[in-house]
Protein chains: 2
Amino acid sequence: MALEEAHWPEELFADLDRTSPLPMYSQVASRLESAIRSGVIPAGGRIESEMAIAERLQISRPTIRRAIQDLVDKGLLVRQRGIGTQVVQGQVERSVELTSLFEDLSQAGISATTTLLDHEVLEADEDVAARLSLPAGDPVLHIRRRRMADGVPVAVLDNHLPGEFADLLPASLEGAGLYQLLRSRGVGIRIAQQRIGARACTPDEASLLEMEPGAPVLTMERLTYDHTGRAIELGRHAYHPDRYSFSTTLVAR
Amino acid sequence: MALEEAHWPEELFADLDRTSPLPMYSQVASRLESAIRSGVIPAGGRIESEMAIAERLQISRPTIRRAIQDLVDKGLLVRQRGIGTQVVQGQVERSVELTSLFEDLSQAGISATTTLLDHEVLEADEDVAARLSLPAGDPVLHIRRRRMADGVPVAVLDNHLPGEFADLLPASLEGAGLYQLLRSRGVGIRIAQQRIGARACTPDEASLLEMEPGAPVLTMERLTYDHTGRAIELGRHAYHPDRYSFSTTLVAR
DNA sequence: GAGTGGTCTAGACCACCTC
DNA sequence: AGGTGGTCTAGACCACTCG
């Protein structure tokens, strides 16, 4: 079985910029990725060897290697020692990144709207306090929102945040994603732990999501940490399963 | 706020072996990981700088850096330029790896048993053929299994594989995980695309999982590829939501 | 200014695969 | 034998944070 070696158009790496703030490995990876996603490098096709690319672009092998590794981690490429690097067969879905539902929907070109159902400062009960690494009884902001996509209800979102975020304006919560607001306050989300499950919806959720009472909902509990490793937000979400699902790409190391 | 700098016990890196087939970065990472998980390096604590570790262990900085990066990718550590590297606050769950349910359960010390419900060679319909990158009508192996944990039904597993796997013995499918069997045939799973959702169970699933008809099930559809990027297996699974859920850790790049 | 992580270089040796 | 990716080294310069 002959493995086709792709011949790349000259322009592919024409606009690499060594003075750009974007690292070279990132520039190389993004150009490779778009070549793969657009089919310029066909599925199953082999790409040039690390050494060849390094020499062609006049960039050191470790830098090229890092660019390729990033795409391997994304599930776009596959490497075999002694063989080479190939594009994965089959269409590759875009994997779930560390973004909010709001951003997911906007990116897909769907108009997302949010209704704020609750906005209150409570004393943290033991469970919430422990998850947020706070003393029990500390003030926490609790918000509850309903998210619609193209006018159809998609999810009910419950969130708890440390008390210092109590000044998040209700109005702003209806116009933007939570992560977007946090980012504009200089809080960068870095790590999230998720648990995804299912259960029957509550009567409350049934009416908010326009479902039959007792119908299934997809649930997600997410605990997010900022760049310092501090717990920032505890989310408990319920999704209408006909209108939302989670996609991921796993790569063995 | 004072960041405690952890002082590591002398023995932590005592048994590094340069002649081992395990790479040095992997040895360093696993020792660091166990020190973190066991609390020897406390949550929120800072670890030594890359340079310091490199000098102490007489290993080059890029190698140390890779070890640390692996733990950052796992969500155990957080780095800030100009500051240092800290352990993430809060208990870190073990994230979902590219393993089968069978292995997940075994690792948790739960006795998993499997009942084979179906084992047949079919002609691939258009949908299955397209997903497996086969021509429609090609023979495919379809298997259906029920998985129990400690005597309680947990999931119903439907799988389609290319015809060449038709000789997988029914008996062996009851005694081991599918991925385990494939691995023993020299087929290594490398990449998987998953979609997780929810729906009401079918009457069939209700009786197999011992649920009320119409009760919610958690569903997972998984398409796996081997190390050459070829589609190996299409799985459609239904889980009892009170007895199973999916955990992941996401890390922003 | 000193220390940190982020990037990049130019080599080296090895295990593995194909021819 | 020659080419591939996997690992490792010993430097370098930079941006950033802190005292």
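Reckoned from all heavy atoms, side chains included, excluding hydrogens, waters and symmetry mates. To find a chain, count down the sequence lines: A is the first, B the second, and so on, and within it residues start at 1.
- As a whole-Å value, the separation of B:Gln80 CD from C:dG6 P is 10 Å.
- Residue B:Arg66 places at least one side-chain N or O under 4.0 Å from the OP1 or OP2 atom of D:dT7.
- One can place CD of A:Gln69 at 16 Å from P of C:dC8, the figure rounded to the nearest angstrom.
- Protein atom CD1 of A:Ile47 is 15 Å distant from nucleotide atom C1' of D:dG3, rounded to whole Å.
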Might you work through the side-chain hydrogen bond (donor to acceptor under 3.5 Å, both in side chains) test for B:Arg145 and B:Asn159, ending with a clear yes or no? CA-CA 9 Å; B:Arg145 296 166 294 166; B:Asn159 293 88; 2.9 Å; yes
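- Nucleotide C:dT7 holds its C1' atom 15 Å from the CE atom of B:Met51, rounded to whole Å.
- Distances shorter than 4.0 Å separate some side-chain N or O of B:Ser49 from OP1 or OP2 on C:dT4.
- At whole-Å resolution of the value, CD in A:Glu48 and P in D:dG3 are 15 Å apart.
- To the nearest 0.5 Å, the span separating CZ on A:Arg195 from CD on A:Glu221 amounts to 5.0 Å.
- Of the N and O atoms on the side chains of B:Tyr179 and B:Glu233, at least one donor lies less than 3.5 Å from an acceptor on the other residue.
- Here the P atom of nucleotide D:dG6 and the CD atom of A:Glu50 are 7 Å apart, to the nearest Å.
- If you take CZ of A:Arg190 and C1' of C:dG5, they are 11 Å apart, rounded to a whole angstrom.
- Contact annotation: A:Arg79 side-chain N/O to D:dT4 OP1/OP2 distance is not under 4.0 Å.
- Using a 4.0 Å cut-off, some side-chain N or O of A:Thr85 falls inside it from OP1 or OP2 of D:dG5.
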Polar pairs (N or O, both sides) under 3.5 Å between protein and nucleotides 10-18 of chain C?
{"residue": "C:dA12", "atom": "N6", "partner": "A:Arg61", "partner atom": "NH1", "Å": "3.2"}

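- Using a 3.5 Å distance cut-off with no hydrogens or angles, the side chains of B:Gln86 and B:Arg79 do not pair a donor with an acceptor.
- When every heavy atom of A:Val140 is checked against every heavy atom of A:Ala124, the shortest pair comes out as CG1-CB, 3.7 Å.
- Comment: B:Arg236 engages B:Asp127 in a salt bridge, judged by a side-chain N to carboxylate O separation of less than 4.0 angstrom.
- Annotation: cation-pi pair B:Arg66/B:Tyr25 present, NZ/CZ under 6.0 Å from the ring centroid and within 45° of its normal.
- Few gaps surround CD on B:Glu164; more than 12 heavy atoms of other groups in view lie less than 6.0 Å from it.
- Checked by atom type and distance alone, the side chain of A:Ser38 pairs as donor or acceptor with a backbone atom of A:Ser34 at under 3.5 Å.
- Rounded to whole angstrom, the span from the CD atom of B:Gln58 across to the P atom of D:dT9 amounts to 10 Å.
- Contacts between residues 16-25 of chain A and DNA chain C, defined by a heavy-atom separation below 4.0 Å, involve A:Arg18, A:Pro23, A:Met24, A:Tyr25, listed by number.
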